[in-house]
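One structure is given below, encoded as structure tokens.
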Protein chains: 2
Amino acid sequence: MPDIDVFAALANPARRQLLGLLLDSGPLPVQQLAAQFAMSRPSVSEHLKVLKDAGLVGERKAGRQRYYELRPEPLRDLTRWLTPYERFWREKLGNLRTLLDEEGDPASHD
Amino acid sequence: MPDIDVFAALANPARRQLLGLLLDSGPLPVQQLAAQFAMSRPSVSEHLKVLKDAGLVGERKAGRQRYYELRPEPLRDLTRWLTPYERFWREKLGNLRTLLDEEGDPASHD
DNA sequence: TTGACGGGTAGGAGATCTCCTACCTAATAT
DNA sequence: ATATTAGGTAGGAGATCTCCTACCCGTCAA
């Protein structure tokens, strides 16, 4: 149980995409996940392992498949870490900018 | 101008600590920052470069010193990325937790 | 039972990261 | 002018990351 840093786990775009898939579609077996990537199935397995070590996904066996499911709790650490910076940028940008940006920006996806 | 991923920039603990120092103490020259670390000054410089490429710090010259200052704006991308997961865990954890957290939400930005 | 399928693990190649010491330039100080 | 100080850059060693192909075991189907 290496207990990997959630920041490190999120550093890789493929892993963020895996989380996104699990968020959008619920629990999925490895093959369904791997089908979304150009890379090999074993590589996807390794990314899933990193996510599991970070506590970001759980796995449950069903016959010969393993369903991976999102476990978003560790992301709360990220949110907590972010909080003081969020306060800082609100002060910095001021009310005008805050109002303008609040809903108008296109969210970038990974 | 590699335009580095903010996730990648935050993957390293030393870089997160640098951001924390700048958050707590405001703009600081490299030496003041480097003094907080076991590592060499040039290594700190390299970390600052990564943060600068990610848009997370800015630098301004003052004589022979360079003051680095926090630029938290790119962290908004992180917050945006986090939003759907936050919604997910609120649902998952249930109402009790939601009610407890709700008060921490700064809804009062007239 | 035998085969096919789902998926983890091993080992390794190549890229990238993280740190170092040397060295360089620009700016102040004597 | 010369020495000192702040700090960036070069180049490299060693660790880690990311991907691959092979191979393994467990589960289901014939």
Side-chain angles (χ1 to χ4, degrees), chain A residues 1-22 25-71 110, chain B residues 1-22 25-71 74:
Chain A
M1 312 73 177
D3 192 34
I4 286 189
D5 186 0
V6 63
F7 285 96
L10 296 178
N12 183 289
R15 287 195 291 268
R16 294 196 297 277
Q17 196 179 333
L18 282 168
L19 293 179
L21 288 168
L22 295 177
S25 312
L28 289 175
V30 176
Q31 285 204 120
Q32 304 261 351
L33 292 167
Q36 307 292 322
F37 293 86
M39 75 181 122
S40 73
R41 201 232 349 118
S43 296
V44 172
S45 268
E46 279 163 22
H47 283 305
L48 286 169
K49 184 182 180 179
V50 172
L51 291 172
K52 198 173 69 170
D53 288 343
L56 285 163
V57 303
E59 86 181 286
R60 110 189 117 64
K61 274 148 288 173
R64 57 184 148 179
Q65 335 216 58
R66 266 115 158 128
Y67 282 82
Y68 283 86
E69 65 183 348
L70 183 62
R71 277 226 273 265
D110 278 297
Chain B
M1 309 50 202
D3 190 35
I4 286 187
D5 186 358
V6 63
F7 285 96
L10 296 178
N12 183 289
R15 288 196 289 269
R16 294 197 298 275
Q17 196 178 334
L18 281 167
L19 293 179
L21 288 167
L22 295 176
S25 312
L28 290 174
V30 177
Q31 286 205 121
Q32 305 260 352
L33 292 166
Q36 307 292 323
F37 292 86
M39 75 181 122
S40 73
R41 202 244 332 129
S43 295
V44 172
S45 268
E46 279 163 23
H47 283 305
L48 286 168
K49 184 182 181 178
V50 172
L51 291 172
K52 198 173 68 169
D53 289 341
L56 285 163
V57 304
E59 86 181 286
R60 104 191 123 63
K61 275 149 286 174
R64 59 182 147 178
Q65 335 217 57
R66 266 120 159 125
Y67 282 82
Y68 283 85
E69 65 184 347
L70 183 62
R71 278 227 270 267

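Note on naming: letters A, B, ... go to the chains in the order of the sequence lines (proteins, then strands), and numbering restarts at 1 for each one.
- A 4.5 Å side-chain heavy-atom check between B/F37 and B/Q17 finds at least one atom pair inside the cut-off.
- Per the geometry, CD belonging to A/E46 stands 10 Å off P belonging to C/dA10, to the nearest Å.
- Counting only heavy atoms from C-beta on, A/R15 has its side chain closest to D/dT18 among D/dT18, C/dG7, D/dG8.
- Rounded to whole Å, the distance from CE on A/M39 to P on D/dC20 is 7 Å.
- Distance check: B/Q31 CD to B/R66 CZ gives 12.5 Å after rounding to the nearest 0.5 Å.
- By the 4.5 Å heavy-atom criterion applied to side chains, A/E69 and A/E59 are not counted as neighbours.
- Between B/Q32 atom CD and D/dG7 atom C1' the separation is 14 Å, expressed in whole Å.
- Nearest-nucleotide positions on DNA chain D for B/P29 and A/A11 put B/P29 closer to the 5' end.
- Phosphate contact (OP1/OP2 of D/dG8, side-chain N/O of B/Y68, threshold under 4.0 Å): present.
- Taking 4.5 Å as the limit, some side-chain heavy atom of B/V57 sits within range of a side-chain heavy atom of B/L19.
- When rounded to the nearest whole Å, the span between CG of B/L10 and P of C/dC17 equals 14 Å.
- Between C/dG6 and A/Q65, no contact under 4.0 Å exists linking OP1 or OP2 to a side-chain N or O.
- Contact between the side-chain N/O atoms of A/R64 and the OP1/OP2 oxygens of D/dA29 is not found at any separation under 4.0 Å.
- Between the P atom of C/dC17 and the CG atom of B/L48 lies a distance of 17 Å, rounded to the nearest Å.
- Phosphate contact (OP1/OP2 of D/dC17, side-chain N/O of A/H47, threshold under 4.0 Å): absent.
- At the phosphate of C/dC19, neither OP1 nor OP2 sits under 4.0 Å from any side-chain N or O atom of B/S40.
- Between the NZ atom of A/K61 and the C1' atom of D/dC28 there is a distance of 17 Å, given to the nearest Å.
- Residues B/Q36 and B/L21 meet the side-chain proximity criterion, which asks for heavy atoms closer than 4.5 Å.
- Toward the 5′ end of DNA chain D lies the nearest nucleotide of B/L28, the other residue of the pair A/V44 and B/L28 mapping further downstream.
- Spacing between atom CZ of A/F37 and atom P of D/dC20 amounts to 12 Å, rounded to whole angstrom units.
- When distances are taken from the side chain of A/N12 to each of C/dG7, C/dC19, D/dT18, the shortest belongs to D/dT18.
- The shortest distance between the side-chain N/O atoms of A/S43 and the OP1/OP2 oxygens of D/dC20 is below 4.0 Å.
- Across all non-hydrogen atoms, the minimal contact from A/D5 to B/A11 is OD2-O, 4.2 Å.
- The distance from atom CZ of A/R41 to atom P of D/dC20 is 11 Å, rounded to the nearest whole Å.
- Phosphate proximity of C/dG8 to A/S45: present, with a side-chain N or O under 4.0 Å from OP1 or OP2.
- Checking D/dG8, C/dC19, C/dG7 against the side-chain heavy atoms of B/V30 singles out D/dG8 as nearest.
- A sub-4.0 Å separation between OP1 or OP2 of D/dG8 and a side-chain N or O of B/R66 is present.
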